2 protein chains.
Amino acid sequence: MALEMDERKTKILEAIIRNYLETGEPVGSRTISRYSELNLSSATIRNEMSDLEEMGYIIQPHTSAGRIPSDKGYRFYVDRMMADKEKEVSEMKDMVVEKADQLSELLKQVAKLLAFNTNYAAMITSPQIHRNKLKFIQLSKVDESSILAVIVVEGNILKNKLIPVSEPLDNDTILKLNLLLNTHLNGLSLEEINLGLITLIKEQAGIHTDVISSVIDAVAEAIRADENLEIYTSGANNIFRYPELTDNSRASEIINALEEKKELGELVSETLQAEEEGSHGIQVYIGSETKVGSMQDCSVVTATYELDEGMRGMMSIIGPKRMDYEKVAQTLKTLQEQLDSLYRKK
Amino acid sequence: MALEMDERKTKILEAIIRNYLETGEPVGSRTISRYSELNLSSATIRNEMSDLEEMGYIIQPHTSAGRIPSDKGYRFYVDRMMADKEKEVSEMKDMVVEKADQLSELLKQVAKLLAFNTNYAAMITSPQIHRNKLKFIQLSKVDESSILAVIVVEGNILKNKLIPVSEPLDNDTILKLNLLLNTHLNGLSLEEINLGLITLIKEQAGIHTDVISSVIDAVAEAIRADENLEIYTSGANNIFRYPELTDNSRASEIINALEEKKELGELVSETLQAEEEGSHGIQVYIGSETKVGSMQDCSVVTATYELDEGMRGMMSIIGPKRMDYEKVAQTLKTLQEQLDSLYRKK
DNA sequence: TGTTAGCACTCAACCCCATCGAGTGCTAAC
DNA sequence: GTTAGCACTCGATGGGGTTGAGTGCTAACA
């Protein structure tokens, strides 16, 4: 007969994990026997632990050592915890996001807050704004050889681009171009602006010089440009707090991943995909549950935020598997709420 | 009689340092005896080494160990090397800076190149543009409650700022303001734009509403804003290649310094100051020669670059004291030249 | 049938100690 | 001035014993 989880096993497993989260040391039967309200002898605990090991929830690093939670064990714990504790509105009042006028500053700030409050490494991506609508385009002449294009997207995200021109454009032409671009493109979402539309505009521009065509191309390019998501990280050095991550070359790998950001990109797409599929809110990846190679010894907790309609980004905490999941989830949730309301409420 | 440096001592010291740079292990007399063209017995070398130690150029970590270079020893080596080898135009052709249209992208790229080519950590600051001239200001109405100001500085650096306004401004007013700001401010260096001038403009704006006054203030503020220098780092994980930096909590400190960037700021001002004082080109700080606390176990090699008239920034390599100074200096010089010519030549 | 006490066993961690060898400083001879 | 020789130092390495936390198993108990 297959072994089954009962109440007592659950309690013991939880006690083991709790203890391990604190100490980072393998937990023995005696410890559980004494420091739990179960009032069972160590021998009984041993029997149960033996079962739990067989079921795959805990692991013995070597004979004659205590047990540590396996990925499966953590998973069980996290799932139970997530279900139970929807309570406790966090009270970290010191963690207030100030609205920075530069979005990048805001994100850097949030990353720092996350890292500082949790003592783990943190990252946050810039919001992806595909679905956002173009609000306003402004071309102006800077000097004989360059045109400035400013593009404002809903949510007041700015982009600018200096466009080099081979021959000067007179003010009239620029005015005309401005009008043309605005009438055609305003109100459209970035996704709706395609090649056909651009060609149409070029035709209507009437004067078929290369210069004008290249300006329009440059504008179109600038509009599409911000596909590249920015990733901000903070608290990389926090991983030195956890010996199990600092061993061997692990630290180097993790630091590298945080710096290179390419691998983090995979994490992002993984998260957003999961999010699409319905799992919503806070997600937890334990050890090998994430596909990112250098994070196999870590746990990653992610959350999405939505600054404004269609401007969704993602933030996450990266730490050891023995992470204080509750605190991390709380912290993420708090920040998530703050970000969500930041631009909307005003 | 004080001990003096002679040719043979110099050669021996150089051999010690060279060897130590390669191996990272204390160097014994026998090694030098065999692997140098001096053809001296180990005993003779020992005598000389004893002298060198007394003079402070080398250190014995403990009795019965070989010698390692002291900060002073490195300094001697570096000075000699810098004098000797002004030769060898580097030939790292693969290290080509591509002109990115975003300055920040360019700088990130350079930081990566530096780190990748040297296997040390690298940083680069954004250029400081105090002395640069204002080229063009553009105000435009984004919606009822915000005005966008775009400021172009010589060298085509862009700044923008969204200015919230309490009441809508009509297009005429904005046009007028544009004209006013441009006629008064264009061609002035950022330093020349002072409070008096701003007041003058406000007066001339005629209509003494709070709204207009606040817009002008906001523009002035945006002009002054870019004092904050950005610092880009790369290759932090390279320090894991050098055990002497990875010991204890050193790694954590260094990584933290690279991430926090505040300490790096000190480094920057230190460098720029030294530069002012005449020492020009490549500078080397060995161990305690830098004032930055977390870098006492490192060497820092810095160089300044000048993208365009008045746009000077600084880049540096951070690695162990046993750094390949020649290669690093070469790399910096190459990149320096590339950056210097990037915007000018065109 | 579940719980417990007792006991033999395992094994990493620690300390102690002997050995090894790279390296030195000194001295005497060339 | 250079070198050979030698005694000495001391970190590194590795074997061997001890310790202690922890286990699994068994037999007795409720």
Side-chain angles (χ1 to χ4, degrees), chain A residues 1 3-13 15-17 19-20 22-70 243-244 247-248, chain B residues 1 3-13 15-17 19-20 22-70 243-244 247-248:
Chain A
M1 185 203 77
L3 283 165
E4 263 182 41
M5 210 65 182
D6 58 17
E7 172 118 16
R8 197 169 71 177
K9 282 192 174 50
T10 305
K11 275 195 177 147
I12 291 175
L13 178 56
I16 293 171
I17 295 182
N19 196 289
Y20 184 70
E22 271 177 41
T23 65
E25 299 283 308
V27 187
S29 54
R30 195 125 180 286
T31 315
I32 301 301
S33 157
R34 273 179 307 175
Y35 297 105
S36 80
E37 71 283 18
L38 292 164
N39 281 328
L40 291 171
S41 79
S42 63
T44 312
I45 303 288
R46 274 205 288 287
N47 288 331
E48 296 288 35
M49 281 168 87
S50 176
D51 290 355
L52 284 169
E53 179 161 21
E54 198 177 326
M55 287 189 273
Y57 289 108
I58 52 182
I59 291 172
Q60 214 173 0
H62 57 264
T63 350
S64 91
R67 311 300 218 286
I68 62 175
S70 67
E244 67 265 45
D247 280 0
N248 306 331
Chain B
M1 189 201 78
L3 283 167
E4 261 180 43
M5 209 65 181
D6 58 18
E7 173 119 10
R8 197 169 73 178
K9 282 193 173 53
T10 305
K11 273 193 178 146
I12 292 175
L13 177 56
I16 293 171
I17 295 181
N19 196 289
Y20 184 70
E22 269 176 42
T23 65
E25 299 284 308
V27 186
S29 54
R30 194 122 182 288
T31 317
I32 300 300
S33 158
R34 272 180 307 178
Y35 297 106
S36 79
E37 70 286 16
L38 291 165
N39 282 324
L40 292 172
S41 78
S42 63
T44 311
I45 304 285
R46 274 205 288 285
N47 288 331
E48 296 287 35
M49 281 169 90
S50 176
D51 290 354
L52 283 169
E53 179 161 21
E54 199 177 325
M55 287 189 273
Y57 290 106
I58 52 181
I59 291 171
Q60 213 173 2
H62 58 262
T63 348
S64 93
R67 311 301 218 285
I68 61 174
S70 67
E244 67 265 44
D247 280 1
N248 306 327

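All figures in this text were calculated on a predicted structure; none of them were measured in a lab. Lettering follows sequence order; numbering is per chain, from 1.
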Assigned partner base of D:dG14, Watson-Crick or wobble definition, under 3.5 Å = C:dC17
What is the distance from CD1 of A:I32 to C1' of C:dT3, rounded to the nearest Å?
-> 18 Å
To the nearest 0.5 Å, tell me how far B:I45 CD1 sits from B:L52 CG.
-> 10.0 Å
Residue-phosphate contact under 4.0 Å: A:R8 side-chain N/O, C:dT3 OP1/OP2 = yes
If only side-chain N and O atoms of A:S29 are considered, is one of them under 4.0 Å from the OP1 or OP2 phosphate oxygen of D:dT23?
-> yes
Checking all strands, does A:A43 fall into the base, sugar-phosphate, or nothing category for heavy-atom contacts under 4.0 angstrom?
-> base
note: A:L40, atom CG; C:dA5, atom P; distance rounded to Å ~ 11 Å
Atom NE2 of A:H62 and atom P of D:dG24 are separated, to the nearest Å, by 12 Å
Would you please confirm or rule out a distance under 4.0 Å between OP1 or OP2 of D:dG24 and any side-chain N or O of A:R67?
-> yes
Could you check A:N19, A:L13, A:I17, A:I59 and say which one makes a side-chain contact (heavy atoms from CB on, under 4.5 Å) with A:P69?
-> A:I17
Does any nucleotide pair with D:dT26 by Watson-Crick or G-U wobble geometry, both distances under 3.5 Å, and what is it?
-> C:dA5
Roughly how many Å is it from CZ in B:R46 to P in D:dT3, rounded to a whole number?
-> 12 Å
Using a 4.5 Å cut-off on heavy atoms from C-beta on, say whether the side chain of B:E48 contacts that of B:L38.
-> no
Grab the CD1-P distance between B:I58 and C:dG25 for me, whole Å please.
-> 9 Å
Over all heavy atoms of both residues, which pair between A:S33 and A:S41 is shortest? Give the atoms and the distance, please.
-> OG-C, 3.8 Å
Would you kindly give the CE-to-C1' distance between A:M49 and D:dT23, to the nearest whole Å?
-> 9 Å
B:I58 side chain reached by B:E53 side chain, heavy atoms, under 4.5 Å | yes
Mind calculating the distance between CZ (B:R30) and C1' (C:dG25) to the nearest angstrom?
-> 17 Å
Take atom CG of A:L52 and atom C1' of D:dG24, then tell me their distance rounded to the nearest Å.
-> 16 Å
At under 4.0 Å, does any side-chain N or O of A:T63 touch on OP1 or OP2 of D:dT23?
-> no
Take B:S64 and B:N47, find for each the nucleotide of DNA chain C with the closest heavy atom, and name the residue whose nucleotide sits nearer the 5' end.
-> B:S64
